[in-house]
There are 2 protein chains.
Amino acid sequence: MRLTTKGRFAVTAMIDLAQRQANGPVTLAGISERQKISLSYLEQLFGKLRRHSIVASVRGPGGGYRLARAMNEVTVADIIAAVDEPLDATNCGGRENCQDEHRCMTHDLWTNLNKRMHEYLASVSLYDLVNQPKAKAIAASVAIDDRLRGSRRDNAVVSA
Amino acid sequence: MRLTTKGRFAVTAMIDLAQRQANGPVTLAGISERQKISLSYLEQLFGKLRRHSIVASVRGPGGGYRLARAMNEVTVADIIAAVDEPLDATNCGGRENCQDEHRCMTHDLWTNLNKRMHEYLASVSLYDLVNQPKAKAIAASVAIDDRLRGSRRDNAVVSA
DNA sequence: CTAATACCTGAATAATTTAGTCGACTATAC
DNA sequence: GTATAGTCGACTAAATTATTCAGGTATTAG
C-alpha cells in the first residue's frame, strides 16, 4: 500500500464527486476546474476507477460520472488500490530466497505494518469522509488504535 | 504524509537496526547487505535520520549507527517524516485563495484524513514492530492446523 | 441528420522523485 | 599509519507523476 500525491488526487476527486452526485452525473471538467487537476490526468484516474467498478460513467450530453456503489461501500483503500495498480508486491515476492533469517524477519515485520495500514484505510469510507461528524471520526481512529498494544500515543505534531 | 517505497526502505532499515543494536553500533554496510539496499542510498537516508535525532552515529572502526532514543520513543511517523522531508503542504497551503466553497470543503476533508493517517502512524512505535507476536510461528501453526482440519482459510489478499 | 457534449484511448513528453554511483574527506581504533 | 566507517556533494539512471495532444465513440438535443 502506497500513499502518494496520485492517491491524494484520486481521493480528493472522489470526495468532490460524492458531494455532488445528488444532482446527477458529475463531469470531469467540473472536477478538474474545482480541484485544479488536469482533465487528462483525471481521465486516466477515472478510467482506472471505472475498471475497478468504483465509479460508473454516463456518456453524452448531461453525462459524467457517478459512484458505482453506495458511499459507505467505497473505502479509501479501494480508491488508492484502484489508482496505484502495481500493488507493489514486497521485494521478495513470497518465493524469493530469503536465506538470511533476519532478512525474512524484517520482511515479515514490514508486511505486517503494511497490512495494518491497509486495514486502517479500508476502515474509512467515502461516507465517513463526507458526513464527517468530527467526534465520530476521532472515535473510529481511537478504536483502531486500541487494537495496538504498548504503543505511545502522546506526540501530536501532525504536520502531514 | 506520504507513504512511498522510500519510507519503506527507511522503516525496514530501522527495524533491522533496532533488532541488532544490542551488540553495539550497526554498520550501514551490514544493513545494506541484509536488506539489499544500496549503501549510498542508506547513507542519504541515515543522514536525514541523524539530522532528525532519530539515530546517532559512531565513527571509526567498530562504529556504525544506534538509535538516538528508546525503541518505543521512535514512531513510524517519525521515520517517514524524517526521510520524506518535503512535508507536502496541501495544495492551498493555508492562505491560498479558496474562493469556491466546495473547493475548500473538499480540502478540509482531505486534510482531516491526512491527519488521521498521521495519528495512526504515530501510534506505531519501533518497539511495537520488533516485539510483536512472532508472525512466523503463528503462521506455521495455523498452516498445520489447516491441514489437520481440512478447513479453508480465505486468504484475504491484502497484497498492499 | 447534425451538432454538441463528454467519455474513451493511446501516445508523447515534461517534471519530479527515487535509487544508485562516484570521489573525496573526516574521525577513530588499533 | 592504516584500515574502518561515517560524511558530504554532485552526478546519473530509472521510475513515477503529471500534462498535453490528437484522435476516437456514445448519447442527447434540436
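Labels below follow one simple rule: chain letters A, B, ... track the order of the sequence lines, proteins then strands, and each chain is numbered from 1. Reckoned from all heavy atoms, side chains included, excluding hydrogens, waters and symmetry mates.
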Provide, to the nearest angstrom, the distance between the NZ atom belonging to A:K48 and the P atom belonging to C:dG10.
-> 13 Å
Roughly how many Å is it from CG in B:L45 to P in C:dA19, rounded to a whole number?
-> 8 Å
In whole angstrom, what separates B:E33's CD from D:dA5's C1'?
-> 15 Å
Under-3.5 Å N/O pairs linking protein and nucleotides 5-9 of chain C:
from	atom 1	to	atom 2	distance (Å)
C:dT5	O2	A:P61	N	3.4
C:dC7	OP1	A:L28	N	3.2
C:dC7	O3'	A:S57	OG	3.4
C:dC7	O2	A:R59	NH2	3.4
C:dC8	OP1	A:R50	NE	3.4
C:dC8	OP1	A:S57	OG	2.6
C:dC8	OP2	A:R50	NE	3.1
C:dC8	OP2	A:Y65	OH	2.4
C:dT9	OP2	A:R50	NH2	2.9

Side-chain contact, heavy-atom cut-off 4.5 Å: B:R8 with A:R2?
-> no
Could you label the plane-to-plane angle of the B:F46 and B:Y65 rings as parallel, tilted or perpendicular, counting under 30° as parallel and over 60° as perpendicular?
-> tilted
When the distance from NZ of A:K6 to P of D:dA15 is rounded to whole Å, what number comes out?
-> 15 Å
Examine D:dT17: is either OP1 or OP2 under 4.0 Å from a nitrogen or oxygen in the side chain of A:R2? Give yes or no.
-> yes
Let me know the distance between CZ of A:F9 and C1' of C:dT16, rounded to the nearest Å.
-> 12 Å
Rounded to the nearest Å, what distance is computed from the CG atom of residue B:L42 to the P atom of nucleotide D:dC8?
-> 16 Å
Enumerate the residue pairs fulfilling salt bridge (Lys or Arg N to Asp or Glu O under 4.0 Å) with a member in residues 50-72 of chain A, sequence neighbours excluded, ordered by first and then second residue.
-> A:R69-A:D78
Apply side-chain contact (heavy atoms from CB on, under 4.5 Å) to the pair A:V76 and A:M14, showing each step before the final yes or no.
-> CA-CA 9 Å; A:V76 174; A:M14 288 294 290; over 6 Å; no
Tell me, with the steps shown, if B:S125 and B:D128 meet side chain to side chain donor-acceptor pair (under 3.5 Å).
-> CA-CA 5 Å; B:S125 73; B:D128 297 329; 3.2 Å; yes
B:Y41 has an atom OH; how far is it from atom P of C:dT18, in whole Å?
-> 6 Å
Ring pair (Phe, Tyr, Trp, His ring centres under 6.0 Å) contacts touching residues 11-31 of chain B (sequence neighbours left out) | none
Take the protein atom CD of B:Q35 and the nucleotide atom P of C:dG20, then report the distance between them rounded to whole Å.
-> 13 Å
